[in-house]
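No hydrogens, no waters, no symmetry mates; every other heavy atom, side chains included, goes into these values.
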Amino acid sequence: MHVFPQLRKLEEKYSNELVVVGVHSAKFTAEKDTENVRRAILRYEIEHPVANDSDFVIWQTYAVRAWPTLMFVDPRGKVIGKHEGEIVLEPFDNIIAEMVREFDGDGLIDRRPMTFKLESEKEWERPLSFPGKVMADAASGRLFIADSNHNRVLVTTLDGDVTQVIGSGERGLADGQAHDAQFDDPQGMALDGDTLYVADTKNHSIRRVALDSGRVDTIAGVGEQAMRFHSGGDGPSTALNSPWDLELRDGTLYVAMAGFHQLWRIRLDTGEVLPHAGSGRENIVDGPLNSAQLAQPSGIAAIDDKLYFTDSETSAIRSSDVDPGGRVQTVVGQGLFTFGDADGVGDDVRLQHPIGIDAADGVLYITDSYNNKIKRVYPATRGCMTMLGSGAAGHKDGPAREAEFYEPSGVSAAAGKLYVADTNNHSIRVADLETGHVETLELRGL
């Protein structure tokens, strides 16, 4: 996901010389399904061909060892270079420019236009586009929806009447009034009275929205991805790395910083941002906050003085003390390559790339995203049970275990209801916490 924006810049600059072919070699079972890959192509707005390498044939042929890997192929079809890991734009721009000069000198570059039939051309416009997160607030009767691929945040009543649209819909990073402000794939949110905080994921920034005036400001992040780990600093001048979700506690905004494999915190009184938990190494290792290892935390919630987060790449639910002298502990989850779909207790539990999390009355509500389910996790006992969803990818309302979801990514409990951002269904689903009956929320006035 971090490579796509850099590749897009190179594809645009060298549109007549460079062809990019994506190869998707899946880690998770759900990622092997071609329709799921197609949805991911749409979600991440990919405009080059992608091969579904579900059996790792291409991976093995090219002796790939790591995600991501870039192979450089010359006009004769020969592999002339390989790069493992994320990329920095400038050096790769220089490499491509040098290759163009060299092969142009040999008359080998074919500049005839190439056209592709995009997956997006098969789609139609919807009120929501891949909504990533949702947040319900019972006290004010408001629902906040991260309409992620429309690059905006919607404010509605709990029953779906749209009252405010934050963001112009154009991808970018611009502060200002709600109708002019720009976001890029907003995700998690946190509310403090009439102030809304938004994790603006692909802008690698945290935004603040004054709901009464509609004013949007950037409080952390510089608009570009941080390319190295660092110890933080003043919010507006500190580079972040894919902030995915937020939780507000006692004047501190906690951030699930997926790109750093860490939790961060922002002191709202001083504007200081700094790491809170995780060494930056990607794995599942418990221990003191600064040495524990996390893996792409993508959702965060709190119960009392403990933060709970979805550690997506390890298919785990983990906790971190709010106290900087505390520890990280694993509630359920085993490792980077241990996943599945099994209810139970402790080490018997299996999830598959959970993303969303919320807490209510001592219970954690989890979007077990790649299993197309919503599950309850009980931190005190380490128990986990399926609450909603048959497991089939689809869009079906009705009784709890018969309902169908499609890679849900966000969840929020309020006023006796559970609100779910059903991402690949481009919809918000609502379940009654007592009966479990699921309905699709109708948005009115959008």
Exercise. Can you list the residues that meet the salt bridge (Lys or Arg N to Asp or Glu O under 4.0 Å) rule with R65, with sequence neighbours excluded?
Worked result: E84
Problem set entry | G391 to N372 - nearest heavy-atom pair and separation | O-ND2, 3.2 Å
Exercise. Who are the side chain to side chain donor-acceptor pair (under 3.5 Å) partners of T423, not counting sequence neighbours?
Worked result: S409
Problem set entry | Result of checking R350, R376, K375, K373 against D368 for salt bridge (charged side-chain N to carboxylate O under 4.0 Å, His left out) | K375
Problem set entry | Q182 to D200 - nearest heavy-atom pair and separation | O-OD2, 4.3 Å
Exercise. Just wondering, are more than 12 heavy atoms of other shown residues or ligands nearer than 6.0 Å to CZ in R382?
Worked result: yes
Problem set entry | N151 to G169 - nearest heavy-atom pair and separation | ND2-O, 3.4 Å
Exercise. Roughly how far, to the nearest 0.5 Å, is OG of S319 from CD1 of I300?
Worked result: 11.0 Å
Exercise. Heavy-atom count around E170 CD within 6.0 Å, excluding the residue itself: above 12?
Worked result: no
Seminar exercise, completed: By side chain to side chain donor-acceptor pair (under 3.5 Å), D286 pairs with (sequence neighbours left out) R318, T330
Problem set entry | Reported CZ-to-CG distance for the pair R126 and L443, which is rounded to 0.5 angstrom | 14.0 Å
Problem set entry | For S205 against T218, the heavy-atom pair lying closest together | CB-CG2, 4.1 Å
Could you list the donor-acceptor pairs under 3.5 angstrom formed by side chains in residues 301-308, with sequence neighbours left out?
residue: K306; atom: NZ; partner: D321; partner atom: OD1; Å: 2.7

For this session: Return yes when atom CE of M227 has more than 12 non-hydrogen atoms of other residues, nucleotides or ligands closer than 6.0 Å, and no otherwise.
Result: yes
Seminar exercise, completed: Rounded to the nearest 0.5 angstrom, the CG-CG distance for L196 and L248 is 11.0 Å
Problem set entry | Neighbour count >12 (heavy atoms, 6.0 Å) for atom CD, E439 | no
Exercise. Within a radius of less than 6.0 Å around CD of E224, do more than 12 heavy atoms belonging to other residues, nucleotides or ligands occur?
Worked result: no
Seminar exercise, completed: In K202, R171, R152, the residue satisfying salt bridge (charged side-chain N to carboxylate O under 4.0 Å, His left out) with D184 is R171
Exercise. Has D269 got more than 12 heavy atoms of other residues, nucleotides or ligands less than 6.0 Å from its CG?
Worked result: yes
Problem set entry | Counterpart residues, ring-ring contact (aromatic ring centres under 6.0 Å, His included), relative to W264 (two or more places apart) | H230, F260
Seminar exercise, completed: When rounded to the nearest 0.5 Å, the distance separating CD1 of I41 from CZ of F4 is 8.5 Å
Exercise. For the residue pair G188 and L246, what are the closest heavy atoms and their distance?
Worked result: O-CD1, 3.8 Å
For this session: Answer yes or no: does atom CD of E121 have more than 12 heavy-atom neighbours from other residues, nucleotides or ligands under 6.0 Å?
Result: yes
Exercise. Considering residues at least two apart in sequence or located in another chain, which fulfil the side chain to side chain donor-acceptor pair (under 3.5 Å) criterion with E119?
Worked result: R38, K122
Exercise. Ring centroid separation for H83 and F92, is it under 6.0 angstrom?
Worked result: yes
Exercise. Could you walk me through whether E11 and H48 pass the side-chain hydrogen bond (donor to acceptor under 3.5 Å, both in side chains) check?
Worked result: CA-CA 9 Å; E11 288 178 279; H48 54 247; 3.2 Å; yes
Exercise. Do you know which two heavy atoms are closest between P243 and A199, and how far apart they sit?
Worked result: O-CB, 3.6 Å
Exercise. Can you tell me if CG on D361 sees more than 12 non-hydrogen neighbours from other groups inside 6.0 Å?
Worked result: no
